[in-house]
There are 2 protein chains.
Amino acid sequence: MNHAGSEVTLSGWVQRVRNLGAMTFVDLRDRYGITQLVADETAPAEIKEAVNHLGREFVIQIVGDVRERASKNSKIPTGEVEVALKKVTILNQSVVPPFTITEDTDGGDEIRMKHRYLDLRRENVRKNLELRAKMAHYVRNYLNDQDFIETETPVLIKSTPEGARDFVVPSRMNPGEFYALPQSPQTFKQLLMVAGFDRYYQIVKCFRDEDLRADRQPEFTQIDCEMSFVEQEDVLNMFEGLTRHLFKELKGFDPGEFPRMPYEEAMEKYGSDKPDIRFDMKIHDLTETVKGNGFKVFDEAEYIGGVCASGAASYTRKQLDALTDFVKRPQVGAKGLVYVKYNEDGSFKSSVDKFYSAEDLKKWSDAFGAVPGDLLLVLSGKKEATQTATGILRLEMGKQLGLVKADDFRPLWVVDFPLLEWDEESQRFFAMHHPFTAPKPDEIDLLDTDPGRIHANAYDLVINGVEIGGGSVRIFNSELQAKMFKTLGFTKEEAEKQFGFLMNAFKYGAPPHAGIAFGFDRLVSLFAGLDSIRDVIAFPKNNAGRDVMIDSPATIADAQLEELFLKVVPVENK
Amino acid sequence: MNHAGSEVTLSGWVQRVRNLGAMTFVDLRDRYGITQLVADETAPAEIKEAVNHLGREFVIQIVGDVRERASKNSKIPTGEVEVALKKVTILNQSVVPPFTITEDTDGGDEIRMKHRYLDLRRENVRKNLELRAKMAHYVRNYLNDQDFIETETPVLIKSTPEGARDFVVPSRMNPGEFYALPQSPQTFKQLLMVAGFDRYYQIVKCFRDEDLRADRQPEFTQIDCEMSFVEQEDVLNMFEGLTRHLFKELKGFDPGEFPRMPYEEAMEKYGSDKPDIRFDMKIHDLTETVKGNGFKVFDEAEYIGGVCASGAASYTRKQLDALTDFVKRPQVGAKGLVYVKYNEDGSFKSSVDKFYSAEDLKKWSDAFGAVPGDLLLVLSGKKEATQTATGILRLEMGKQLGLVKADDFRPLWVVDFPLLEWDEESQRFFAMHHPFTAPKPDEIDLLDTDPGRIHANAYDLVINGVEIGGGSVRIFNSELQAKMFKTLGFTKEEAEKQFGFLMNAFKYGAPPHAGIAFGFDRLVSLFAGLDSIRDVIAFPKNNAGRDVMIDSPATIADAQLEELFLKVVPVENK
């Protein structure tokens with residue numbers, strides 16, 4: 001609908017009816033926006049009659065003449081014109097919806113999820129899904145141009161004990177046996193490399209049966225990619241290119257070359273393997289600086305570190321208490337908080353004045369490079385846990401001081417991850433990335449002597465503190481892969497049973513290969529400026545894994561269970 | 001790799017090594033083809049040494065100079081040039097593969113499926129998957145251009161008793177409850193229309209737990225589409241456009257406007273709801289023509305029909321016996337075959353000469369429009385079954401007489417399907433398409449009086465006798481939908497439990513809508529000239545639903561079953 005003077009036929013939903021006596025205005029909503037319809041003095045009686053019977057969310061088709069509006073509305077695309085009604089057909093009626101279809105009302109989470117089809121009528125919600133479709137489009141364009149072949153891998157695969165919990169699917173044709181839904185197409189994409197496919201990608205649903213948080217869903221979507229005859233550098237360049245392409249196409253700017261940060265530096269300076277580098281406020285290691293003054297908490301700590309909050313020396317007692325409460329939360333996990341106010345007049349006021357003189361505290365502030373007016377916040381304890389807690393405190397201070405701008409995007413690569421993590425409870429190593437990740441070539445020998453010290457050719461793409469993608473160079477040698485499984489505590493039989501097909505495939509000429517997977521939902525929500533992935537998913541599930549709209553999961557018929565050779569064990573008899 | 005004179009670095013697999021004394025030739029295979037590498041008299045000793053240690057399927061990287069070949073091979077893209085080796089690096093070795101990687105050997109079904117990653121190295125197999133990726137690309141281009149929004153619908157949904165058997169997924173968080181994998185996103189795409197998405201598509205995995213045949217897989221891919229504010233005509237035009245776009249882009253020709261054929265005509269003239277119109281040989285109804293001559297089989301038959309096989313009067317006794325055996329097969333289901341040879345000299349010879357004179361048979365041949373030299377083949381029995389059997393016989397004769405050309409593509413729309421099918425066994429109606437299909441508006445009243453006579457606004461896209469897509473105009477009124485469920489034998493409670501969310505959604509202003517779904521695997525295999533969909537799927541399953549490569553499905557750990565509150569019932573105790 002565009003030009004004044006022409007006759008149009010429009011279909012859509014009644015957003016609103018305003019009866020102003022002689023004139024009746026109807027706002028008609030369709031996928032492209034709102035159009036104002038008018039029945040004025042000149043309209044035939046049957047039009048006026050019809051219009052007066054319209055209710056909210058009625059579906060109508062109208063015919064009318066486009067004309068310029070008396071009072072223009074420059075806020076909406078069709079605000080310059082209106083349509084003088086000549087014919088109105090009600091295609092379907094509507095009962096009163098449980099919430100009004102506008103950007104700023106949604107009736108609360110439970111109701112909007114139950115009536116998701118109404119929630120999706122809201123422009124802001126639909127726009128998120130349009131952004132999602134567009135992003136998929138630009139991802140495919142870029143990868144097609146780079147000769148990647150989009151290839152579908154199976155959804156009905158095999159359960160493996162590594163990683164998160166699998167969803168399983170009983171097989172009727174193979175009694176007592178189960179398929180599993182893929183947590184990722186990892187082994188299949190590696191087999192495609194063995195098959196000579198060279199460059200593979202897929203935008204693909206993956207599944208994890210985990211307890212859910214706000215940003216987790218049992219089914220989620222990955223941009224899954226793999227390349228042959230490449231090294232880490234090639235992969236980083238290729239997918240930095242993809243990410244910049246998306247920023248250029250969808251956000252209208254190029255974020256430039258991505259910095260690269262080793263995992264250890266990220267932990268030391270940001271207390272996180274996914275640093276938010278939109279603001280500075282790096283963590284400083286004070287372990288050597290502050291010991292030996294008789295403050296037992298510090299003297300006994302493995303690690304002491306903190307951040308310098310610029311201009312926050314004016315924080316009140318109440319604000320500082322709130323910060324102390326913050327760091328003591330279980331999600332942060334610190335035992336307490338030491339603060340040092342570097343006052344505007346050059347004096348110091350700290351929570352440890354009993355142990356440290358002004359000269360001592362000057363040394364601290366020098367270590368931070370602080371200036372008068374700054375606030376130093378210091379945590380202590382076990383090294384990694386304290387770095388992490390300080391990292392969380394850093395993010396909180398960044399927020400409180402307004403250092404984080406929503407429309408600022410600062411991607412980086414985190415590289416050189418440890419290959420393995422030691423798990424105290426099960427007394428074994430776990431793969432930090434996954435068991436197919438290649439050790440750095442010059443560290444392979446450590447597999448026999450000190451596996452915990454090995455670094456991996458693994459990398460994460462981090463944007464604004466969110467892990468958007470991750471990948472690695474893969475092992476492509478069947479003996480090294482077997483050795484890796486051994487290091488991870490697999491017996492030969494277990495490794496053979498679970499991954500024999502992959503190790504076997506590697507015997508027939510596997511090429512060097514590497515890959516990456518992007519969390520597509522997260523990438524879309526980042527671009528949409530949303531905290532949760534839920535609103536970029538058309539029909540999400542709630543935290544109990546339920547789709548409250550269709551009321552799923554649900555019980556199934558006994559006959560179905562019987563065909564599958566299954567019995568449900570009542571919870572109380574478990 | 002292109003021009004003579006330049007230095008290149010290539011990576012790939014050793015296809016073949018030919019040692020001709022002074023010269024050694026290596027065929028290097030990568031995703032783009034075969035390149036001939038040469039170590040000749042001038043090559044350094046270490047190159048010759050390396051090359052002589054290469055085995056089939058070794059992975060190598062080489063550096064060399066491109067030069068013109070002495071004996072050119074115009075059959076392959078790189079056949080004009082060869083590469084004189086300067087450096088050879090073995091990246092990985094290979095044990096001897098179980099079959100040679102060439103187009104014409106595959107080691108048999110079992111072995112190639114077990115080593116699918118080797119099978120996929122064969123150029124013809126990889127080309128099928130490249131065609132698949134290209135087709136998806138052109139589908140998306142076309143639909144994006146037409147303002148369709150690609151939207152992902154959930155994979156973990158709810159089991160419904162209608163249609164084929166569901167795969168189910170036990171929910172750990174909701175003990176005793178199950179998700180189901182979608183047989184299609186039918187209800188979700190309709191909800192997207194209620195949500196005002198207007199034009200939706202998705203290339204999506206769907207699942208059916210059926211006993212498998214050669215052209216069925218437990219997981220398969222659909223191009224799934226839905227539009228609002230449209231009628232049947234709009235949908236046919238839109239997707240005829242899509243199909244022609246694919247022919248133009250991928251096959252280089254436009255098949256022109258698609259004819260439309262009512263279901264009843266398809267059954268009468270082709271004995272099939274998916275007629276192969278690449279050749280004529282229509283079925284003729286002889287029921288009125290041939291009765292009353294004392295031939296009991298015909299006199300008692302509900303229907304008598306046949307085809308005229310042009311120029312086949314010369315068929316031998318043996319050939320005719322073979323045809324009789326053919327029609328008696330359970331898949332065809334006829335009781336016997338009557339033939340009439342219309343000899344070149346104008347005489348007749350039939351299997352029913354005892355009952356029919358030459359004059360009688362002339363009447364038959366006139367009914368067929370037969371000419372001397374033709375062979376009439378006639379079947380009789382119950383109407384629909386006999387039409388179907390005659391249709392199968394027609395296809396067989398088309399094949400025997402060479403009337404079907406592989407590179408001829410003849411699409412058509414079959415329209416005006418019956419809405420319902422009566423099932424004698426369960427004494428109820430089933431939806432021929434699915435329960436959301438709209439009856440033809442002027443036949444809605446028959447729902448109360450004679451539902452079996454109602455036609456649907458449903459349509460199938462058929463190409464060369466294969467059903468490629470199907471869809472319908474949908475019911476968008478909650479009362480009509482409720483009535484439909486009642487006609488299908490649902491109690492109010494059952495309908496509410498299974499589809500309450502959809503009927504409820506329809507109360508809030510559902511727009512008129514219609515859609516279609518294409519069998520993507522079938523469409524690709526049709527374009528690839530293959531009979532089965534298996535070779536257009538990267539990792540297909542066998543007829544027992546097994547992936548023999550990864551050996552799935554498989555048993556799972558007792559702990560997994562316990563977490564899911566499930567017990568496997570041993571088959572013998574069932």
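Naming: A, B, ... by sequence-line order, numbering from 1 per chain.
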Which atoms of [X] come close to chain A, meaning under 4.5 Å heavy atom to heavy atom: side chain ones, backbone ones, both, or neither?
X        : value
B:Thr151 : side chain
B:Gln202 : neither
B:Gln93  : backbone
B:Leu502 : neither
B:Asp30  : neither
B:Arg56  : neither
B:Ile101 : neither
B:Lys114 : neither
B:Tyr200 : neither
B:Phe58  : neither

Among [options], who wins on heavy-atom pairs under 4.5 Å with chain B?
options                                : result
A:Ile556, A:Leu191, A:Leu118           : A:Ile556
A:Ser478, A:Pro170, A:Pro98, A:Gly509  : A:Gly509
A:Val568, A:Asp551, A:Leu156           : A:Leu156
A:His115, A:Glu150, A:Lys205, A:Met193 : A:Lys205
A:Ser159, A:Pro218, A:Ala557           : A:Ser159

Proximity breakdown for [X] and chain B, heavy-atom pairs closer than 4.5 Å:
X        : value
A:Gln498 : neither
A:Asp209 : both
A:Pro97  : both
A:Ile537 : neither
A:Lys497 : side chain
A:Phe506 : backbone
A:Arg116 : neither
A:Val125 : neither

> At their closest point, which heavy atom of B:Thr153 faces which heavy atom of B:Pro185, and how far apart are they?
Replying inline: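 It is OG1-CB, 3.3 Å.
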>> So which atom in A:Ser11 and which in A:Gln61 form the shortest heavy-atom distance, rounded to 0.1 Å?
In response: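 So the two residues come closest at OG-NE2, 3.1 Å.
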> Looking at B:Ala133, B:Gly196, B:Ala554, which has the largest count of heavy-atom pairs under 4.5 Å with chain A?
Replying inline: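 The answer is B:Ala554.
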>> Taking 4.5 Å as the heavy-atom cut-off, does anything in residues 172-181 of chain A contact chain B, and if so which residues?
In response: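 The stretch touches chain B at A:Arg172, A:Met173, A:Asn174, A:Pro175, A:Gly176, A:Glu177, A:Phe178, A:Tyr179, A:Leu181.
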> Between A:Arg29 and A:Glu123, is the closest basic N to carboxylate O distance under 4.0 Å?
Replying inline: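 Answer for the salt bridge query: no.
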> Which residues satisfy the side chain to side chain donor-acceptor pair (under 3.5 Å) test with A:Asp521, sequence neighbours excluded?
Replying inline: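 Checked A:Asp521 against side chain to side chain donor-acceptor pair (under 3.5 Å); matches are A:Arg132.
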>> Using 30° and 60° as the class boundaries, would you call the ring planes of A:Tyr508 and B:Tyr117 parallel, tilted or perpendicular?
In response: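 A:Tyr508 and B:Tyr117: tilted rings.
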>> Are the side chains of A:Val155 and B:Phe167 in contact, using a 4.5 Å heavy-atom criterion?
In response: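 When only atoms from C-beta onward are counted, A:Val155 and B:Phe167 do not touch, as no gap falls below 4.5 Å.
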>> Using 0.5 Å steps for rounding, measure from the CZ atom of A:Phe197 to the CD atom of B:Glu130.
In response: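 Spacing of CZ (A:Phe197) from CD (B:Glu130) equals 7.0 Å.
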